[in-house]
Amino acid sequence: MAAERILGIESSCDETAAAVVADGRRILSSVVASQLETHGQYGGVVPELASREHLRAIVPVVRAALEQAGAAYRDLAAIAVTEGPGLAGSLLVGITYAKALCAVTGLPLIAVNHLEGHIHAVQLEAAAALEFPVLALVVSGGHTHLFEVHEGFGYRLLGKTRDDAAGEAYDKVAKLLGYPYPGGPVIDRLSQFGDPRAVRFTSPKMKGNALDFSFSGLKTAVLRWVEARGMDEEIAARRRLHGASLEELRAATPRATLDLLASFQAKVIGELVRRVQASAGEIGARSIVIAGGVACNAGLREAAARLAGPPVWFPTAALSTDNAAMIAAAAYPKLLRREFADSTLAAKASLALA
Ligand code: KG4
Ligand code: ZN
């Protein structure tokens, strides 16, 4: 049987992405247009600018994905698009374009939840062999969710953040210390030069679901630490370093701040890994998936590799952050079930997976 090719489109946040994936596993092309330069100067994603950038990028990005895959519309089985969660205006661009393409080509439309996409990214790794039930941690700038995943990709929510997402905590702490956006990669790399035991952060007291997360207290603790030390000049000096290399940022970071970053990172990783281990045990997981932008974190990868228990699968860095190949991959089981959306599909800023 000929391969079933799906064109995936993703525009939920600040990347405009399109990809062609065969049989939910083989990437024929994956194009990501990042808006980092636009948002970087504001220290975070500006929703109005994001939708405008998506409008500009969507047509060339989709065309490039088809060209690189050597595919025409008649070679496709379906078009998949992120339905939510995400920024409403950003989602709308991808959905509207996907609907228009389906109307013109007669191809079926498949709606995909962004979180389901992140979980499926690992299916695009040749080595990945998931055994169910899977414990999935989706950890990004917008989400920190633990799911139990069953055979055939059914989901049960086990826990989630009650305030900031882990990536959001990274981005906010970086911003407050004068580092560029996004903060995750910078803190991750600078952490390697600091002592993770130097600053003691307490764990939040969680009432109710012990598998829920909370990161806003940690962010506030970092703020208090900074205020207590009067670091205004140090921080202002770093803010002036526009487009600095990691070496330059490191040179502008005193030992005590490197220790703070390492301690912050160790705390975040500890909170994540502790709940991954507890929930994997609770559901009798036979494999673990860690996905989303924060899954790029070197410290998290090391800590997860040391976990006793079932094998842990991480997508490669490019498939951990937002992309459209993961959306096309998540659409494949829906194609097999002929689970199609229609022209009434709307953007859903908050869309639960389970
Ligand atoms: O999945 P993603 O591209 O977009 C969302 O759906 O949010 O994730 C982006 C997030 C940002 O918060 C970024 O700071 C974080 O992932 N991130 C990291 C690392 N690389 C990206 N956080 C910690 N360590 C990293 N190495
Ligand atoms: Zn994402």
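The shown structure was predicted, so the numbers you read here are calculated from the model rather than taken from an experiment. In listed order, ligands and their atoms are each counted from 1.
Ligand 1 lies out of reach of Q265, whose nearest heavy atom is not under 4.0 Å from it. Within the structure, ligand 1 has H118 among the residues with a heavy atom less than 4.0 angstrom away. Using a non-hydrogen distance threshold of 4.0 Å, C13 does not register as a contact of ligand 1.
No more than 12 heavy atoms of other residues, nucleotides or ligands shown are found within 6.0 angstrom of CZ on R189.
The distance from atom CD of E10 to atom OG1 of T16, rounded to the nearest 0.5 Å, is 9.0 Å.
Closest to atom 24 (N) of ligand 1, if we only count protein heavy atoms, is N297 ND2, 2.9 Å. For atom 11 (C) of ligand 1, the closest non-hydrogen atom on the protein side is D171 OD2, 3.5 Å.
Classification of R5 and D75 as a salt-bridged pair fails, no side-chain N sitting under 4.0 Å from a carboxylate O. A salt bridge does not link D171 with K175: none of the charged nitrogens is closer than 4.0 Å to a carboxylate oxygen. A salt bridge links E234 with R238: the closest approach of a Lys/Arg side-chain nitrogen to an acidic carboxylate oxygen falls below 4.0 angstrom.
Interface atoms of ligand 1 facing S140, defined by a heavy-atom separation under 4.0 Å, are 1 (O), 5 (C), 6 (O), 7 (O), 8 (O).
Backbone or side-chain N, O or S atoms of H118 reach the Zn ion (ligand 2) at under 2.8 Å. At least one N/O/S atom of H114, whether from backbone or side chain, sits less than 2.8 Å from the Zn ion (ligand 2).
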